[in-house]
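Right, one structure below, let's go through it.
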Amino acid sequence: TLRSQPPTLPTDFYSKTSELLLKSSRSLLKAEPITETRESLYRNVEDCCVHKHSQALYTSLQDLISEHCRTHILPSLQSFISSQNFTLSSLSSASSASTQAPLFLSLLTQLWSSHLSSTTSLRSIYLYLDRSWVLNQPTLPCLTTLCLNSFSTYVLTPPLLNLTVKSLVHLCLLRWSGDSIDLNLLLSVRKILSTLNKYDGEFMREYLAVVGSYFKHEGTRRSSELNVKEYLKYVEGRFAQMDNEASIYLDATSKGLVVKMLETNLIEPNLNYILGGFETVVDEKYACKGLFNMVGRVEGYEVMREAVGKWVKGKCGNIIKAEKEPISSLVTFRSSVDSTWRTCFNSYEGFKTTIKSSFEESLNLDGRSNAEAMAKYVDTLQKNRKKTEGELEKELKDVMTLFRYLQDKDVFEEFYKNLLSKRLLGDKSSSVDLERFFISELKTECGSGYTGKIEGMFKDMALSDDITSNYYAHVNDKFGDSADTAVKMKLWVLTTGYWPSEKNLELILPTELQVHQRRFETYYDDKYQGRRVEWKHNLATCEVEFKLPKKSGEVYKRSLDVSCQQALTLCCFNSPESLSGLTVSSLCKSTGIDLPSMIGIIKSLAHGKQVDKSNTTRVLKKLTKKSDSTPQAKEPKGTLTILPTDLYVPNVDFKNSRARLKILNVSNRREEDTLLSQKAHDSIFRDRQHQIDAACIRIMKARKFMSHSSLVGEIMEQLKFKAENADIKKRIESLIEREYMERGEERGAYNYLA
């Protein structure tokens, strides 16, 4: 087979072809028209490559592009700089910088766009060279990269690059300052630097340094001029500006650096200032949440925890000092803090611990008083008949939240038990279910040992109903029609140890009650042999029917709810002799009530408060004597003084719109509360002594020998209340005196005595 020989090229093929290609390329770089078609130029490039002229062609093109950058693009920029006298020092002048820098960067952007367009055209012509030969040369850049490198090397020389970077940074700074700067211009220049790999290094270093310095001074100035709430709003605005604008003309990869720059200069140096105004923003949810998020940016939660704890302790301390009954306000404040923790602090666990410890510290500074106040507040809630059961249950749960912070839970138990006994015996509870609900909460928190006596009180109440019904069934069976049951007696059989101890009053009861008392003692002794009955008359209440004959022949009737002592006093006025008046001393003799107590009873029955004469609780009147010694009833005036010789009679003018009314004992409430409080604290003190003794004996029995410091430490760990070292030391001395233990041979040590 005969093969045709390849055509022989003229000897001047490459010189003529390369001259044509370079001429056309020069025109394309200058954006001038070309005489040849792009297709013919592409074929010429292909022919050169096929005939082994690729390297020479690449070198010629490289020199052409470099020459164009040096002789055309660079002089254009230098001409502008020279004509405008635009230098680095010009950027220090706000007026010249704001006009010259945009013009300079606009010219740079135009030249860059033209260069990119020329690069695209050249690559379309030299595509065969780029793909067939350059691609196989690992050390040589492709044509696009060649054009970009030439621009970077011969146009953005170090002085021009420095001027470009500083001009761009200056315009960015003006934008941060609120001036109207073209964002598209900033974006275009940023893309030039990114394309030429000058963004992350040269630009970002300058940008972070200059803008960071600006915000450092700005943060110092603003923090001195604005209050915390306004400063938070200002900083939030800066971060929003960064998201909305800076993300447009800054590369996405640098967003984290800019955010860090803002945090470092606006938040970190002013963190103490921001947290110093925590209390001024905590009541505003949006501002408080903003503060929390802002502090979280610089990992300042540990510092903020101190501010939160200080706020909680300060608020609790103010409430406790300012209010006589602080628990209601503390419950409200605790709910508010919990809401703030959830909504503003995103349920951050560290703050939950701080809030808990702050409440604990505040409540236990005067733990005994707060425990007493808490028991009284629970008593108020349990007697509230205006709110729904659901509302009261929620409030009791809130009280339990505070209760968990108390260390003196035994103080709460004592006062709660005393007040519960009054509610149960006086039928003052709004709901038995609520009482049982709260006890179940106490049991869950403190265990069955804590609520054992309280639950025993409820068992006694249920058992008393059965005992009363069985007693009356026994009376009817035994005495039949002869049983005097005109006076009904409700019996409460209370177990000693469950209920608060009360003193026995030796009162002189009416005959009807004495009959019931003797019958019940006989019945109870027969049924429960070995049990002894003690009567607590001071806990009893009575319903007395008050009948007042009128001149018209009608009888004015009212039902009075009174204490047992008040009832005995009123019964003395059933006799005809009482119409001429009974002295206070004679009332004491007839009832067995001591004089101070009788004076209080007389005050409640004869001198109680009244709205008007037609709506009073004064069922008795005091008699005063005129000069003729004729007795006449008269209302007392001025300072009330009751003497043993004062005479009292039924009040014939008594009126009240209610068919049934309750007459409360008039007594010195403050003295009574003080006595009850002292009695409770004495009981608590004795119980604590027993607990310390028991803990000490348990420990010494197990260890046999211990040093004083170790023994005190272990006793404190076992006790459920906060004990002082001095108290423990006294109990140890007491145990040594009672020969449960002895001092060891070593100094400060003890031996257990079996």
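Heavy atoms only: backbone and side chains are in, while hydrogens, waters and symmetry mates are out. Computed from a predicted model, the values in this text were never measured in an experiment.
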May I ask you to test the [X]-[Y] pair for a side-chain heavy-atom distance under 4.5 Å?
X    : Y    : value
L509 : Q517 : yes
R688 : V411 : yes
Y301 : F345 : no
Y450 : K443 : no
E395 : N384 : no
P650 : V619 : no
L420 : R423 : yes
L406 : N364 : yes

Exercise for review: Using the six-membered ring wherever Trp is involved, compare the ring planes of F438 and Y416 and label them parallel, tilted or perpendicular (cut-offs 30° and 60°).
Suggested key: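 Rings of F438 and Y416: tilted, as their planes differ by 30° to 60°.
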Can any side-chain N or O of [X] pair as donor or acceptor with the backbone N or O of [Y] at less than 3.5 Å?
X    : Y    : result
T354 : G309 : no
T495 : Y498 : no
R558 : R658 : yes
S430 : Q382 : yes
Y472 : M489 : yes
S369 : D366 : no
S362 : F359 : no
W492 : M461 : no
S339 : S335 : no
N651 : R618 : yes

Test: [X] and [Y] ion pair at under 4.0 Å:
X    : Y    : result
E391 : K394 : no
E445 : K409 : no
E372 : K376 : yes
D398 : R334 : no
D379 : K428 : no
R731 : D727 : no

Point to revise | Centroid-centroid distance, F573 to F546, less than 6.0 Å | key: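 Between F573 and F546, the centre distance exceeds or equals 6.0 Å.
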Practice item. Under the side chain to side chain contact (heavy atoms under 4.5 Å, CB included) rule, what do I642 and Y648 come out as? Steps first, then yes or no, please. Key: CA-CA 11 Å; I642 298 177; Y648 285 87; 3.7 Å; yes
Check your understanding: Among all residues two or more places apart in sequence or in another chain, which pass the side-chain contact (heavy atoms from CB on, under 4.5 Å) test with E279?
Key ->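 Result, side-chain contact (heavy atoms from CB on, under 4.5 Å) vs E279: W311.
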**Study point:** Those residues that, when tested against A540, pass side-chain contact (heavy atoms from CB on, under 4.5 Å) (two or more places apart)
**Key:**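 Counting only residues at least two positions away or on another chain, A540 forms a side-chain contact (heavy atoms from CB on, under 4.5 Å) with C564.
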Review point. Does the side chain to side chain contact (heavy atoms under 4.5 Å, CB included) test come out yes or no for L396 and E441, once each step is laid out?
Key: CA-CA 9 Å; L396 289 172; E441 291 287 310; over 6 Å; no
Around [X], counting heavy atoms of other residues, nucleotides and ligands shown, do more than 12 lie under 6.0 Å from its [atom1]?
X    : atom1 : result
K453 : NZ    : no
E733 : CD    : yes
K383 : NZ    : yes
R532 : CZ    : no
E325 : CD    : no
K459 : NZ    : no

Check your understanding: Under the side chain to side chain contact (heavy atoms under 4.5 Å, CB included) criterion, do V303 and N272 qualify, and how do the steps go?
Key -> CA-CA 8 Å; V303 182; N272 291 332; 4.2 Å; yes
Exercise for review: Decide yes or no on salt bridge (Lys or Arg N to Asp or Glu O under 4.0 Å) for K490 and D427, but give the supporting numbers first.
Suggested key: CA-CA 12 Å; K490 171 69 176 178; D427 193 24; over 6 Å; no
Exercise for review: Apply the test side chain to side chain donor-acceptor pair (under 3.5 Å) to residues S597 and Q565: give CA-CA distance (whole Å), side-chain angles for both, the deciding distance (0.1 Å), then the verdict.
Suggested key: CA-CA 9 Å; S597 300; Q565 291 129 306; 5.3 Å; no
For [X] versus [Y], what's the shortest heavy-atom pair and its separation?
X    : Y    : value
V584 : L595 : CG1-CD1, 3.7 Å
T641 : D646 : O-OD2, 3.7 Å
L507 : G592 : CD2-O, 4.0 Å
V533 : Y524 : CG2-CD2, 3.3 Å

Interatomic spacing from [atom1] in [X] to [atom2] in [Y] - rounded to 0.5 Å:
X    : Y    : atom1 : atom2 : answer
I593 : I602 : CD1   : CD1   : 9.0 Å
Q718 : M716 : CD    : CE    : 13.0 Å
I467 : Y528 : CD1   : OH    : 4.5 Å
S328 : E323 : OG    : CD    : 7.5 Å
S421 : D460 : OG    : CG    : 12.0 Å
I327 : I319 : CD1   : CD1   : 10.0 Å

Review point. Applying salt bridge (Lys or Arg N to Asp or Glu O under 4.0 Å), which residue pairs with at least one partner in residues 310-322 are found, sequence neighbours left out?
Key: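 Every pair satisfying salt bridge (Lys or Arg N to Asp or Glu O under 4.0 Å) with a residue in residues 310-322: K313-E361.
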Check your understanding: Should E360 and K356 be marked as a salt bridge (Lys or Arg N to Asp or Glu O under 4.0 Å) after you check the CA-CA gap, both sets of side-chain angles, and the distance that decides it?
Key -> CA-CA 6 Å; E360 285 178 348; K356 177 177 179 292; 2.6 Å; yes
Practice item. Apply the test salt bridge (Lys or Arg N to Asp or Glu O under 4.0 Å) to residues E302 and R305: give CA-CA distance (whole Å), side-chain angles for both, the deciding distance (0.1 Å), then the verdict. Key: CA-CA 5 Å; E302 288 301 316; R305 284 176 64 177; 3.3 Å; yes
Practice item. Before giving the answer on side chain to side chain contact (heavy atoms under 4.5 Å, CB included), spell out for L330 and C316 the whole-Å C-alpha distance, their side-chain angles and the decisive distance to 0.1 Å. Key: CA-CA 7 Å; L330 286 173; C316 289; 4.0 Å; yes
